[in-house]
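See structure below.
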Amino acid sequence: MEENKIIKDIRILTEDFIPSRIVHRESQLSTLRDCLKPAMENKSTRNVFMHGSPGTGKTCISSYLISELKENADISTAYVNCWKNSTRFNVLYKIVSDLGFNLSVHRKGTPLDELLYIMENKLSEKPCIIILDELDRIENDRVIYDLLSFPQISIIMIANTETAMYNFDTRIRSRLSSSENIQFPSYSNSDIVDILKDRAEWGLFPNVIKDSQVEKIAEMSGGDARSAIGVLRNISEHADNKGLSKIPEKLMEKPVIISKLKDMQNLNENQKTICSILERKNKISPSELYQNYLVACEECSIKPVTERRLRTFVEELISSGIISSEGNTKSRVYFLN
DNA sequence: CATCCACCGGAACTTAGGGTTC
DNA sequence: GAACCCTAAGTTCCGGTGGATG
């Protein structure tokens, strides 16, 4: 097998990778670190609400500090992506399994009260920190109430918008009103350049990418580090597949879209179809989108969903910041961000 | 101003797939 | 193993909204 000449360590170019140092997020880092400090003395920590646009380091920082904390304190932790696990049952299921409690192998039939019973009886006294990522996507706020009833549990809530909790039950909002609120502004282009250079230094071989190419990626990322890292990974993989030893200028043309499409492992096939239509069409009306969707399904021999169902997928894409809409009713168009 | 039309989104209903119970 | 229950995903139905048209 031919050896890679571009990518030294692909793991460093994935969004799950936790870097050994965090750049341009000093204040958020120290605020969150302060919040988590009590865990070192076996005390429960404050609830935290972190919000900001996609790719502004929210998930990265929380994972970073949790792993740092685990080295210095005896805590248990769980991570839930509320997009993937949006129901009360799914959130609790993920937590219970992250905490390592034994479950019946039967995934679907485990009743809710069984999960609550496990939490009540098996949760130890040591501090337990639960990350609820993509909180905007949670369907049922009741699960937060469930979690708040355990004194040893504290929650790190991560959302794209500051308004994510506005629809929560007033009792829950009031319990959360003392949470630390941490805002994550978008990165500047030069911040993204620094982040990319860090990843490139550890993840790529020396001198395979030019500074001007890194700057180009940063410029196209719109302050979204996750997207920028995705682009870096994609063009690197692409160049490696072709057996090249440097990133060619030709690859720099429209990689943002490629990255967004490849990056969204959360998306279902229908949503990926929507994205690829928008990639081709730039701006498109709702009805035209559905017509194109039907054609695409026909081509791939996939059974299409109804127009109403597709609208729900579109709505999810909008709220996750992947696509946007413009104009009201008759003049409405959708486009990729 | 009345009417039409494209679009939006809530809600009830259906279907499918799985587990539990007896 | 039949009857039942639960959940997720998808469909059907429908009222509301607001720009366009005449």
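Note: hydrogens, waters and symmetry copies are ignored here, and every other heavy atom, side chains too, is used. Per chain, numbering begins at 1; letters A, B, ... match sequence-line order.
Relative to the side chain of S285(A), the nucleotides dG18(C), dC7(B), dG10(C) differ in distance, and dC7(B) lies closest. Picking from dC7(B), dG10(C), dG19(C) the nucleotide with the shortest atom distance to the side chain of F313(A) gives dG10(C). Residue T306(A) places its side chain closer to dT12(C) than to any other of dG10(C), dT12(C), dA6(B).
To the nearest angstrom, P of dG18(B) lies 14 Å from OH of Y93(A). Note: CG (L289(A)) to P (dA6(B)) measures 16 Å, nearest angstrom. One atom, CG of L92(A), and another, P of dT7(C), lie 12 Å apart when rounded to the nearest Å. Atom CG in L310(A) sits about 16 Å away from atom P in dA9(C), given to the nearest Å. Atom CD of E326(A) and atom P of dG19(C) are 15 Å apart (whole Å). Atom pair Q291(A):CD and dC7(B):C1' shows a separation of 14 Å (rounding to whole Å applied). Residue R309(A) contributes atom CZ, which lies 4 Å from atom P of dG10(C) at whole-angstrom precision. What separates NZ of K303(A) from P of dG10(C) is a distance of 9 Å, to the nearest Å.
Annotation: salt bridge (Lys or Arg N to Asp or Glu O under 4.0 Å) contacts involving residues 39-55 of chain A, sequence neighbours excluded, comprise E41(A)-K43(A), R46(A)-E180(A). Residue pairs meeting the salt bridge (Lys or Arg N to Asp or Glu O under 4.0 Å) criterion with at least one partner in residues 55-72 of chain A, sequence neighbours excluded, are R33(A)-E68(A). The salt bridge (Lys or Arg N to Asp or Glu O under 4.0 Å) pairs that include a residue from residues 316-335 of chain A are R137(A)-E316(A), K283(A)-E326(A), where partners are two or more places apart or lie in different chains. Annotation: salt bridge (Lys or Arg N to Asp or Glu O under 4.0 Å) contacts involving residues 146-158 of chain A, sequence neighbours excluded, comprise R88(A)-D146(A), R142(A)-D146(A).
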Under 3.5 Å between N/O atoms: give me all the protein pairs with nucleotides 8-16 of chain B, atom names plus distance.
{"residue": "dC8(B)", "atom": "OP1", "partner": "R332(A)", "partner atom": "NH1", "Å": "2.7"}
{"residue": "dC8(B)", "atom": "OP1", "partner": "Y334(A)", "partner atom": "OH", "Å": "2.6"}
{"residue": "dC8(B)", "atom": "OP2", "partner": "Y334(A)", "partner atom": "OH", "Å": "3.3"}
{"residue": "dG9(B)", "atom": "N7", "partner": "R308(A)", "partner atom": "NE", "Å": "3.4"}
{"residue": "dG9(B)", "atom": "N7", "partner": "R311(A)", "partner atom": "NE", "Å": "3.3"}
{"residue": "dG9(B)", "atom": "N7", "partner": "R311(A)", "partner atom": "NH2", "Å": "2.2"}
{"residue": "dG9(B)", "atom": "O6", "partner": "R311(A)", "partner atom": "NH2", "Å": "2.7"}
{"residue": "dG10(B)", "atom": "N7", "partner": "R308(A)", "partner atom": "NH2", "Å": "3.0"}
{"residue": "dG10(B)", "atom": "O6", "partner": "R308(A)", "partner atom": "NE", "Å": "2.9"}

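By the side-chain hydrogen bond (donor to acceptor under 3.5 Å, both in side chains) test, R308(A) is found to be paired with T312(A), residues two or more places apart in sequence or in another chain being considered. For Y290(A), the ring-ring contact (aromatic ring centres under 6.0 Å, His included) partners are Y293(A), not counting sequence neighbours. In this structure, the ring-ring contact (aromatic ring centres under 6.0 Å, His included) partners of H51(A), at least two apart in sequence or on a different chain, are F49(A).
Proximity of S331(A) to the phosphate of dA6(B): no side-chain N or O atom is located under 4.0 Å from OP1 or OP2.
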Practice item. Could you give me the CA-CA distance, side-chain angles and deciding distance for K122(A) and L99(A), then say whether side chain to side chain contact (heavy atoms under 4.5 Å, CB included) is met? Key: CA-CA 10 Å; K122(A) 294 201 180 173; L99(A) 295 177; over 6 Å; no
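Cluster annotation: I182(A) and I144(A) are assigned to distinct hydrophobic clusters (Ile/Leu/Val/Met/Phe/Trp/Tyr, side-chain heavy-atom contacts under 4.5 Å, transitive).
Rounded to 10 degrees, the angle separating the terminal helix axes of the helix from dC1(B)-dG22(C) to dC22(B)-dG1(C), each built from five base pairs, is 10°.
At the heavy-atom level, T312(A) lies nowhere under 4.0 Å from the strands shown.
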